[in-house]
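Heads up, the thing below is written out as structure tokens.
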Amino acid sequence: MPKELEKKYDPADFEDRLYEEWNSKGYFRPNKPGAKPFTIVMPPPNITGQLHMGHALDNTLQDILVRYKRMCGFNTLWVPGTDHASIATEAKIVEQMRKEGLTKEQIGREAFLERAWEWNRVYGGRITEQLKKIGSSCDWTRKRFTLDEGCSAAVKDVFVKLYNDGLIYRGNRMVNWCPHCETSISDAEVEYEEKPGNFWHLLYTVKETGEKLELATTRPETMLGDTAVAINAEDPRYAHLHGCHVILPLLNKEIPIVCDEHADMTKGTGVVKITPAHDPNDFEVGQRHDLPIVRVFTYDGRMTGAEDKRAAEEAAAKDKLSVNEPIVLDCGKYAGMTTMEARKAILADLEAGGYLKEVEPLKHDVGTCYRCHTVIEPMVSKQWFVRMEPLAKPAIEEVKSGSLRFVPNRFSKNYLHCLEHSRDWCISRQLWWGHRIPAFYCDDCGELVVSAEDTVLCPKCGKPMRQDPDTLDTWFSSALWPFSTLGWPNDPEDLKTFYPTTVLVTGYDIITFWVSRMIFSGLAHTGKKPFDDVLVHGLVRDGLGRKMSKSLGNGIDPLEVIKTYGCDALRFTLVNGNAPGNDMRVSDERFEASRNFANKIWNAARFVLMNLDTDCDPDRIDTKDLPDEDKWILSQYNRVIREVRENMDRYELGVAVGKLYDFIWDVFCDWYIELVKARLNEKGTASNLQAQQVLTYVLSGTMKLLHPFMPFITEEIWRSLPHKEDSVMISDYPAYDEAMNFPVEEAAMRKVIDAIRAVRNLRSEMNVSHSRKAHLHIVTHETATFAGKEKFFLRLAYASGVELHEVAPDATGCARAITDSCEILIPIADMIDKVEELARLNKELAAAEGEVARAQGKLANESFVAKAPAALVDAERAKLENANSKLAKLRAAIAQIEAL
RNA sequence: GUGGGCGUAGCUCAGUUGGUUAGAGCGCUGCGUUGACAUCGCAGAGGUCGUUGGUUCAAGUCCAUUCGUCCACACCA
């Protein structure tokens with residue numbers, strides 16, 4: 001027997017309870033062995049983070065897909081997990097220690113890592129608890145962490161494999177250095193910000209000719225590291241200087257003038273100073289001309305001194321890798337200054353020496369660290385790199401060939417662009433929290449061993465080895481996530497069943513960081529693409545369209561929204577009316593509208609339940625002898641099933657949920673329930689039982705259709721109705737059934753509804769109160785269509801009685817509501833103003849005439865009739881016929897009233 | 001510089017492979033509350049789909065042009 005629902009819709013009453021139950025009963029685990037798998041691996045949120053709207057959106061989309069596919073019979077797995085977020089977490093812990101007056105170096109690596117793990121224990125679980133609040137039906141028994149044993153094993157394996165294949169190398173290369181985080185970062189982690197600056201025009205003296213050579217720079221403090229100036233070989237202005245030298249001011253050092261294509265004749269004076277250690281382009285020039293690399297900055301953003309020089313020489317001596325080894329300069333009087341202090345001091349000295357010609361203000365984009373927004377220092381530094389070209393190639397092909405799809409497709413351009421232009425990936429980080437690089441050095445003989453096994457003694461000379469102190473870029477481990485979480489390489493059970501995964505759901509802001517790296521890693525290490533599809537969503541913005549951020553304080557906390565409006569309202573808001581890949585705005589108004597929808601469903605269900613007194617079958621229905629209104633709703637319900645499934649299979653979640661919204665509110669609540677209310681009062685009749693059956697069948701099925709979007713309210717209602725399975729989430733998603741199409745009954749009901757609307761419209765325009773009932777005369781040639789449906793007019797068209805006529809009776813004193821299938825006479829003469837009524841009818845006449853003209857025009861076009869699909873032409877003819885029919889009735893009515 | 005998004009009702013946005021008289025939510029106007037729901041119902045006003053041209057029987061949808069706006073990537077001595 002159905003059970004009652006609480007009078008008031010209060011999601012807090014049942015959301016947590018239902019989630020707990022689902023989880024404890026194991027419904028989130030893959031439960032259909034042998035069935036076709038459907039797999040999603042959750043983009044792992046950072047352990048430093050709190051759940052924000054972006055996570056809420058990302059995980060809601062995944063949960064909708066997973067719940068849908070689960071109900072469609074797939075063996076469904078959604079793997080959750082978290083990311084150790086090396087740089088972010090390390091920064092938080094350093095900050096925490098700073099408040100205690102401690103530094104990393106003081107407590108040492110081991111103690112530091114202990115603190116980090118403690119942080120993970122305390123906060124790492126926080127975000128997963130929050131994910132439960134939004135209803136995520138992921139398999140928590142398979143929860144993973146990028147630093148757990150399995151993921152770490154995968155990282156080591158991949159590193160060693162790539163090294164052995166020559167795809168990872170160590171070398172002195174130009175990297176982006178963050179002086180605040182004191183680590184290198186990858187190109188993808190640099191953000192450009194426009195900042196004001198200057199061109200300082202400097203004068204360097206040519207040794208051979210004594211002339212002053214003018215050049216401009218935005219970074220005068222790097223001049224101490226200049227090892228050449230470049231001119232273009234084609235530049236006639238400087239043809240006489242080929243092979244000459246300039247004297248570097250302040251240092252009084254002789255450096256060559258080189259010819260290089262990097263010097264652009266059209267820019268500035270056509271002369272460029274070359275600082276190979278501190279500028280990416282200059283580094284390239286230096287390579288081409290075999291220039292020395294002179295480093296003048298320390299890793300914490302100061303000018304180098306004697307101490308730095310000695311330390312660097314010692315380190316270089318130990319390391320057998322000495323290609324491109326920078327020379328460290330003792331900057332003398334500038335040593336120890338910050339780069340900004342040095343800039344001032346150097347400029348002052350240049351000016352005093354007559355080397356500064358002019359200062360020209362400009363705005364330029366400066367690279368900053370995406371974590372701390374400190375200005376990035378390009379720096380030659382010894383780091384580990386992944387060779388991108390061989391890895392990118394197959395990853396590009398995979399998408400170009402269409403084997404791996406982006407949804408919407410436009411994001412594949414984004415992806416291809418980033419892979420086609422990527423430079424080698426700097427993967428080493430001067431951090432402690434992360435996967436330590438599995439490389440071991442012998443300081444004695446210089447031997448280097450790269451191995452997944454800890455190597456304590458040098459295989460060559462037997463002396464103790466030292467592990468590389470650096471860790472790997474967080475994204476190096478994230479790149480392996482789709483297969484490392486499924487047991488690769490050691491425990492391939494899940495891998496066999498669930499890999500490649502089906503779809504990755506993520507925001508467009510992370511395609512370059514993560515998606516591209518997962519794709520080339522998957523191809524390289526498993527030989528297969530990591531997923532078939534990438535469903536890309538946009539960013540969540542506030543009501544004013546601004547990106548949510550801490551500094552603006554405009555972030556909306558999803559948990560607060562859940563408290564106020566319920567989880568289902570939050571989820572509905574995040575998918576309704578949003579197109580894939582587009583940014584969206586959320587606001588209280590939208591949450592409120594969603595909550596109102598939930599409330600509407602709740603009350604409709606309550607109404608159905610209070611009228612159920614039999615145990616109906618929720619899954620089967622006998623359509624024999626059902627009245628038209630029942631077949632009408634069943635037919636529409638059937639169509640919604642088909643459309644929703646089609647939309648879901650194409651990732652058009654917003655369209656699918658919009659159709660359910662319309663069906664539930666406009667069709668089921670506003671019309672069907674109203675149409676059957678009378679029958680529900682006729683207890684004990686066959687008609688009453690049929691209505692109960694149809695209500696149960698449609699409502700139960702609709703709750704299934706809606707369940708992926710609004711899991712909690714649908715479960716609570718579905719269980720109150722007669723049901724067979726324990727939970728709606730493990731029931732079968734409704735399927736389209738050809739036998740449930742009733743086009744004739746649908747058309748008939750549409751005519752009845754049109755007539756009811758026409759009456760309501762007229763009464764409303766004439767300001768007739770609902771309490772003023774009237775006896776209606778329906779005049780129609782289609783009496784069969786209207787026969788037996790007079791009762792609907794009593795309640796819905798405020799009628800006191802209804803008569804059907806084939807031939808119009810005397811219409812004196814009647815207002816006329818006109819549709820294309822009938823004319824309804826309403827005897828409310830005292831309410832009718834002749835002028836107003838004529839105006840109203842004429843307005844309708846104009847509309848009908850417009851429609852007739854449009855349809856006639858179309859049909860008069862021979863090309864249309866000849867070339868358009870026949871069904872379309874027929875439809876147009878039917879429309880013309882209907883419009884003409886309505887037109888005739890309107891004209892007659894107007895003539896009659898005018899004659900009065 | 002290269003690539004891309006957006007421009008549809010007062011506001012925020014849908015509009016699926018081109019095919020009804022272009023839709024929704026919020027807001028607005030009028031009416032309505034004795035048993036599903038005022039977190040509601042009924043009715044209504046409001047749009048030449050940024051501009052101009054083209055393809056097509058047919059364009060909000062495809063192509064080109066142009067304006068506005070936002071983003072990504074690149075360069076910037």
Side-chain angles (χ1 to χ4, degrees), chain A residues 5 7-9 192 199-202 215-219 229-230 262-264 267-275 279 281-282 362-365 408 410-411 413-414 416-418 421 508-509 511-512 538-539 543 545 565 576-579 581-587 589-590 592-611 643 646-647 650 652 654-656 658 661-662 666 669-670 673-674 677 757 760-765 767-771 796 798 847 850-851 854-855 858 861-869 871-873 875-876 878-879 883:
Chain A
L5 292 170
K7 184 160 169 47
K8 190 173 152 33
Y9 166 61
Y192 289 88
F199 272 137
W200 283 277
H201 292 253
L202 308 182
L215 51 84
T217 178
T218 55
R219 308 274 328 265
V229 297
H262 172 58
D264 185 338
K267 282 185 187 167
T269 57
V271 185
V272 194
K273 69 194 257 320
I274 301 298
T275 321
D279 181 280
N281 288 310
D282 293 5
L362 87 158
K363 282 193 169 172
H364 59 158
D365 290 334
R410 67 181 128 96
F411 289 105
K413 287 193 180 172
N414 216 326
L416 289 171
H417 186 267
C418 100
H421 295 84
Y508 62 71
D509 53 333
I511 291 173
T512 48
L539 307 177
Y565 301 102
N576 184 37
N578 179 247
N582 284 3
D583 290 354
M584 67 169 70
R585 300 183 188 201
V586 294
S587 59
E589 289 74 32
R590 291 200 57 211
E592 213 174 300
S594 302
R595 191 268 324 270
N596 292 354
F597 176 47
N599 184 64
K600 185 73 182 177
I601 301 170
W602 186 261
N603 281 294
R606 276 183 55 230
F607 177 77
V608 170
L609 285 165
M610 72 177 61
N611 284 289
E643 291 180 1
E646 281 171 0
N647 289 132
R650 290 198 296 251
E652 292 159 356
V655 179
Y661 179 94
D662 290 342
D666 299 342
C669 291
D670 286 349
I673 286 183
E674 295 303 328
K677 269 182 178 169
R757 284 205 168 112
R760 284 172 174 176
N761 183 342
L762 181 143
R763 293 177 56 110
S764 181
E765 299 233 329
N767 268 318
V768 183
S769 156
H770 292 179
S771 53
L796 303 180
Y798 320 103
E851 173 62 6
R854 192 197 58 80
K858 240 181 170 175
N861 183 339
E862 281 172 33
S863 305
F864 173 74
V865 179
K867 292 187 184 173
L872 215 63
V873 178
E876 206 57 49
K879 272 186 263 173

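Every chain is numbered from 1, with letters handed out A, B, ... down the list of sequences.
Ring pair A:Trp602/A:Tyr9 is tilted by interplanar angle, where 30° to 60° counts as tilted. Between A:Phe597 and A:Tyr661, the two ring planes are tilted [angle within 30° to 60°].
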Note to self: At under 4.0 Å between heavy atoms, how does the protein contact nucleotides 31-41 of chain B? Give one character per nucleotide, 5' to 3', with B, S or -.
What the structure shows: -S---BB-BSS
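For the pair A:Leu872 CG and B:U17 P, the computed distance is 18 Å after rounding to whole Å. The distance from atom CG of A:Asp365 to atom C1' of B:C75 is 9 Å, rounded to the nearest whole Å. Atom pair A:Lys858:NZ and B:U56:P shows a separation of 18 Å (rounding to whole Å applied).
Across the C1' atoms, B:U2 and B:U52 are found 26 Å apart, a figure rounded to whole Å.
Within 3.5 Å, no donor on the side chain of A:Arg585 pairs with an acceptor on the base of B:U12, nor the reverse.
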Notebook entry, point to check: What dot-bracket string describes RNA chain B from 5' to 3', counting Watson-Crick and G-U wobble pairs whose defining distances are under 3.5 Å, with [ ] for crossing pairs and | for pairs to another strand?
Noted result: (((((((..((((.....[...)))).(((((.......))))).....(.(((..]....))).))))))))....
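Counting non-hydrogen atoms under 4.0 angstrom, A:His417 reaches the backbone sugars and phosphates but no base.
In this view, A:Ser771 and A:Ser769 satisfy the side chain to side chain donor-acceptor pair (under 3.5 Å) rule, not counting sequence neighbours.
For the pair A:His262 and A:Asp282, the minimum side-chain heavy-atom distance is below 4.5 Å.
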